[in-house]
Number of protein chains: 2
Amino acid sequence: MKNTNPTGTVLYTLEQTIKEYRKMAQKKISSIVHDITVDQCLVLIILHKNPQYSQKEVAEMIFKDNASITRIIDLMVKKDYISRKIHETDRRKFNLEITQKGIETIALLIPTIQKNRTDALAGLSENEIVLLDQLLTKVLINCKTDHEK
Amino acid sequence: MKNTNPTGTVLYTLEQTIKEYRKMAQKKISSIVHDITVDQCLVLIILHKNPQYSQKEVAEMIFKDNASITRIIDLMVKKDYISRKIHETDRRKFNLEITQKGIETIALLIPTIQKNRTDALAGLSENEIVLLDQLLTKVLINCKTDHEK
DNA sequence: CAAATATAATTGATATATCAATTAAAAATA
DNA sequence: TATTTTTAATTGATATATCAATTATATTTG
């Protein structure tokens, strides 16, 4: 009875879980702010905490590649959440500045974002959360070392 | 020291882990068969085990929505992995048949797919895998019940 | 049976993911 | 310093995700 899912592995549950979490989180966020995605929220939060980050650094923080982050930030600039200014000392980079609208949006959404996380983890003890993180990290490292060689 | 990741939750590790797994799996699969994606492989496997499944049933099995599965199968039909025939008794549905090329591809890829999974879970005991699955399922159910209401 | 409702699949619009190629600028090195 | 190599960001191509609207067909119900 352990493996009833199609491919017989926990990796299926992993896939399904993150998908449901994303759906749930997006639904809650959309109900407060209509023109923002979960990923765009994360970019705002990262930049809020680390105003000096380049696109590349933001990308690494949320596991996106450079191409994805370019497009995500393009959209955020269009929607006036962020502005791009050329970096003073390294002209390959940008300074990314959160706009007033961006700041207001963060304030509006932070409670929701935090609630999404606690809701997702409801019923798990502190120990279980730590354990989950450890087990996931093992899998993560396996995959990383595997495809980096 | 528990949470060093940007948003301070295990959900980040979850996101990162599934992304690395997908990358690793795609890389290994691409090295054997060049014109197929991980998701397309899954469709082949599902149909192989359940030849009578409709698109909708395949979709549910791998957590895709109808729109996604329509497009995935479109591509697979174009690449001659699958053929669509109208269902005899319910003309809203299709019978999806794996082609000869599809069957050969499955045979070629199954060892790789299985190796990907065991590699990803290397170093985890049976108990740990069961535990991981249980913890993930708790999160999954939290998210589902949350956004289904 | 006819009308209303439900279901399977498709399509359009928009966002993200991935890979490869490109550009511009910075850093390293001969 | 001139040349080579790296790095940051962009762009193009293709695949997938999500939502909403639509089409065609089945099923239910009045």
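Lettering of chains follows the sequences in order, A, B, ..., and the numbering in each one begins at 1.
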Item to check | Closest nucleotide among C:dA9, D:dA9, D:dA26 to the A:T70 side chain | outcome: D:dA9

Checklist entry - From A:E57 CD over to A:L47 CG, what is the distance, rounded to the nearest 0.5 angstrom? => result 10.0 Å

Checklist entry - If you round to the nearest 0.5 Å, how far is CD1 of A:I73 from OG of A:S83? => result 11.0 Å

Checklist entry - Is B:D35 salt-bridged to B:K101, going by a charged N under 4.0 Å from an acidic O? => result yes

Checklist entry - Considering only heavy atoms from C-beta outward, does the side chain of B:N116 approach that of B:Y21 to under 4.5 Å? => result yes

Checklist entry - Are a donor atom and an acceptor atom from the side chains of A:E104 and A:Q100 found within less than 3.5 Å of each other? => result yes

Item to check | Whole angstrom value for the distance that separates P of D:dT16 from CG of B:L75 | outcome: 6 Å

Checklist entry - Given atom NE2 of A:H34 and atom P of C:dT14, what is their separation to the nearest angstrom? => result 18 Å

Item to check | Interatomic distance where OH belongs to B:Y21 and P belongs to C:dA17 [whole Å] | outcome: 19 Å

Item to check | In one Ile/Leu/Val/Met/Phe/Trp/Tyr side-chain cluster, 4.5 Å: B:I98, B:I32 | outcome: yes

Checklist entry - Counting any heavy atom closer than 4.0 Å, what does B:S30 reach on the DNA or RNA strands: base, sugar-phosphate only, or nothing? => result nothing

Item to check | Salt-bridge criterion met for B:R71 and B:D65 (N-O under 4.0 Å) | outcome: no

Item to check | Angle between terminal axes - the helix from C:dC1-D:dG30 to C:dA30-D:dT1, 5 pairs each end, rounded to 10° | outcome: 10°

Checklist outcome for this item: In 5'-to-3' order, the base (B), backbone-only (S) or no-contact (-) status of each nucleotide in nucleotides 18-24 of chain D, using a 4.0 angstrom heavy-atom cut-off, is BB----B

Checklist outcome for this item: side chain to side chain donor-acceptor pair (under 3.5 Å) with A:S30: of A:K27, A:Q26, A:K28, only one passes, and it is A:Q26

Checklist entry - Separation of B:D74 atom CG from D:dT16 atom P, in whole Å? => result 11 Å

Item to check | Rounded interatomic separation in angstrom, taking CE from B:M76 and C1' from D:dT14 | outcome: 16 Å

Item to check | Nearest-angstrom distance from the residue atom CD1 of A:I73 to P of C:dA17 | outcome: 13 Å

Next on the checklist: Taking the minimum atom-to-atom distance to the side chain of A:D39, which one of C:dA17, D:dT16, C:dT10 wins?
Outcome noted: C:dA17

Checklist entry - B:L42 CG to D:dA15 P: how many Å, rounded? => result 16 Å

Checklist entry - Starting at the 5' end of DNA chain C, which residue's closest nucleotide do you reach first, A:E88 or A:K79? => result A:K79

Checklist outcome for this item: Whole-Å distance, A:I69 CD1 to D:dT11 C1', equals 16 Å

Checklist entry - In terms of side-chain heavy atoms of B:D90, which of D:dA26, D:dT10, D:dA8 is nearest? => result D:dA26

Checklist outcome for this item: Ranking C:dT16, C:dA9, D:dA15 by distance to the side chain of B:S54, first place goes to C:dA9

Checklist entry - Among A:E60, A:K64, A:K93, A:R84, which one satisfies side chain to side chain donor-acceptor pair (under 3.5 Å) with A:Q55? => result A:R84

